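To start, the structure under review is shown below, and the notes come after it.
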Amino acid sequence: MGETVWIQATQLSRDNSALAPLLRRSERSAEARVLMIESEERSRLYRYHKRKLVLLFSAMRHFAAELRKRGLEVDYYPLDPEGRHRNFRDALQRHVEQYRPSGLVTMELLDRSHARDAETLAAGLGIPLRVTPTTMVLTDRHHFAEEHRGKMRLRMDQHYRGIRKRLRILMEGDRPVGGRWSTDPENRRALPPGTPIPTPRVFPPDTVTSEVIVAVNRIFGDHPGETGDWTLPVTHRDAIVWVDDFVVTRLTHFGTYQDAMLDQEHLLFHSLISPLLNIGLLSPLHLVKRVEHAYETGHAPLNAAEAFIRQVIGWREYIYGVYWLRMPELAEANILKAHRLLPEFFWSGDTAMRCLSRCLRQALSTGYLHHIQRLMIISNFATLAGLEPRAVLEWFMTLFLDAYEWVMIPNVMGMGLYADGGGLSSKPYVSSGAYINRMSDYCSLCSFSVKERTGGTACPFNYLYWNFLLTHRRRLGSNPRMGMAYRTLEKKPSAEIRAIRISAREFLEALNP
Ligand SMILES: Cc1cc2nc3c(=O)[nH]c(=O)nc-3n(C[C@H](O)[C@H](O)[C@H](O)COP(=O)(O)OP(=O)(O)OC[C@H]3O[C@@H](n4cnc5c(N)ncnc54)[C@H](O)[C@@H]3O)c2cc1C
Ligand code: SF4
């Protein structure tokens, strides 16, 4: 009997290394099969956003159809309302009883818990499990661990440079194109009013996606999110069209306005590729080559191409390495001892703070926020308000289309909340309302005044920011990157400090009535 290739929902890559021999006819044994399972139990690990479930199941069904077209036999277990195979174990058992494979082979899973589950399931069924290297990331996690073990503080830049040199992306000989590794100083500008925002391409649901939408609404009706007006690609071919649309219409301004936010526009010049990349509909290498080509052919400036490439082969790869290096401690980190419950309005968006309300509502309905909305609105608020990190993590894991533990845990615990005490970023990403006002138009539509520093009508980000610095002075006061903020704090008159403390206490006490 041959081995069965088990492909999970996050492994839909055409370069899946477990699948590769089957795609080469000469290496395909007559009994070899592909196994794909839609697990209701796994889909309830968090109360996942309905759109995420639609994306996963529709992409799986389309991939199974593509593999069958290429001559492979696929044993596919769709969601089963009759409950015969609600989880991986039941479906695996049925598969093993029916086909008696000599073993299972699967590509390395990026989430630690998923990798362990696969091992436990195979061991429980008494069937050998062979694991092939992942092609979903470009970093070897064992190599990353060797390079970084024992280092207290990790920084992204070094890893990014290494990958660029190794893959020869935006390089001229041994030097980076343009003479600098990072174009960050040219980027991150506020969006001038009236800048035209391109309309992204849409991919209306086909029959398969429409069927999945019905099934998800029936089985997961209690999960958050709406599935109407479906626009996302669910196949490899459409994912590539989506990237091309980004490159042609949005890449040019990506770097310059990367940090900008608008009340009525959620995508601006971002790519919205992470939900596709993280399940294998896109390959990181294809993406960065496509963007490098746009630069080389004069279709995108260097500051845009480099900024985008840095996100994909810099931040994404570094985050993956950090996750495997710092787990399991990272998932439980809470160095700032933040214990406040998540306010109810995180599940409704019902708050008078315009920036927060817009981002919460958008996440609840679409499952997407761009990076700065996640970092400088949601996480900034959560850090300043001292919200319990695990609760914030659960909120993100539940709602976001691109959320997987390997990428969400370091981003939330490290970058977003500084719960790891600076292992991942050199200082907490926190700000007062002034930053939000500079980078967005939210404040002009808010009932709070961003200019007022304390009192009932003042922007809560203002007094919460200074209150946070006061509360954590012992830990953060000696951080050189916080020096300017603490020097400003020292100059504040004691009456203002008292008013800050009172406003913050009153606000925080009212958060969870
Ligand atoms: C609190 C918080 C939680 C996050 N959770 C996730 C998550 O669960 N899944 C996820 O893929 N990204 C996560 N990110 C990173 C980043 O915000 C998203 O990848 C990005 O917003 C996705 O939108 P986009 O595809 O339009 O990205 P773009 O802005 O167009 O960027 C291009 C790509 O770069 C990559 N990228 C950029 N920054 C990061 C980063 N810090 N970590 C990993 N990849 C990065 C992504 O693949 C992204 O698609 C999180 C960031 C924060 C601050
Ligand atoms: S005034 Fe404050 S709360 Fe209101 S939108 Fe601006 S930053 Fe947000």
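Owing to the predicted nature of the structure, the values given are computational and were not obtained by experimental measurement. Starting from 1, each residue takes its place in the sequence as its number. For ligands, and for the atoms within them, numbers begin at 1 and follow the listed sequence.
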Mark up the atoms of ligand 1 that fall under 4.0 Å of a heavy atom belonging to F254, in ascending order.
28 (P), 29 (O), 30 (O)
Does F400 come within less than 4.0 angstrom of ligand 1, counting non-hydrogen atoms of the residue?
no
Residue pair D402 / S274, side-chain donor-acceptor N/O under 3.5 Å
yes
What atoms of ligand 1 come within less than 4.0 Å of a heavy atom belonging to N278?
9 (N), 10 (C), 11 (O)
Would R390 and E394 satisfy salt bridge (charged side-chain N to carboxylate O under 4.0 Å, His left out), going step by step from the backbone distance to the final call?
CA-CA 6 Å; R390 287 291 313 180; E394 183 172 340; over 6 Å; no
Checking the N or O distance criterion of under 3.5 Å, is ligand 1 in contact with L272?
yes
Nearest heavy-atom pair of R316 and N278: which atoms, and what distance?
NH2-OD1, 3.1 Å
Counting each atom of ligand 1 from 1 as listed, which ones have a heavy atom of S379 under 4.0 Å away?
1 (C)
Hey, is ligand 1 close enough to N411 that some N/O pair sits below 3.5 Å?
yes
Report yes if some N/O of H370 lies less than 3.5 Å from some N/O of ligand 1; otherwise report no.
no
Looking at R340, I'd like to know if its CZ atom is crowded, meaning that more than 12 non-hydrogen atoms belonging to other residues, nucleotides or ligands lie closer than 6.0 Å.
yes
Starting at CZ of R141, measure out to CG of L325 and round the result to the nearest 0.5 Å.
12.0 Å
At a 4.0 Å threshold, what atoms of ligand 1 neighbour a non-hydrogen atom of L277?
47 (O)
For W315, atoms of ligand 1 separated by under 4.0 Å from a heavy atom
38 (N), 39 (C), 40 (C)
Those atoms of ligand 1 less than 4.0 Å from some heavy atom in S271
24 (P), 25 (O), 26 (O), 27 (O), 28 (P), 30 (O), 32 (C)
In this structure, atom 2 (Fe) of ligand 2 is nearest to the protein heavy atom C459 SG, 2.3 Å
Examine C355 and say whether one of its N/O/S atoms is closer to atom 6 (Fe) of ligand 2 than 2.8 Å.
no
Minimal heavy-atom distance between T366 and R51, with the atoms involved, is O-CD, 3.5 Å
Does ligand 1 come near enough to I273 that some N or O of the ligand is less than 3.5 Å from an N or O of the residue?
yes
Under 4.0 Å from a heavy atom of I319: give me the atoms of ligand 1 that qualify, with their elements.
42 (N)
Say you draw a straight line from OH of Y463 to CG of L508; how long is it, rounded to the nearest 0.5 Å?
8.0 Å
Students should be able to answer this: which protein heavy-atom is nearest to atom 4 (Fe) of ligand 2, and at what distance?
C446 SG, 2.4 Å
Heavy-atom contact check, 4.0 Å cutoff: does Y429 meet ligand 1?
no
Is the backbone of W242 close enough, under 3.5 Å, to the side chain of R201 for a donor and an acceptor to pair up by distance?
no
Could you tell me if any non-hydrogen atom of F246 lies under 4.0 Å from any atom of ligand 1?
no
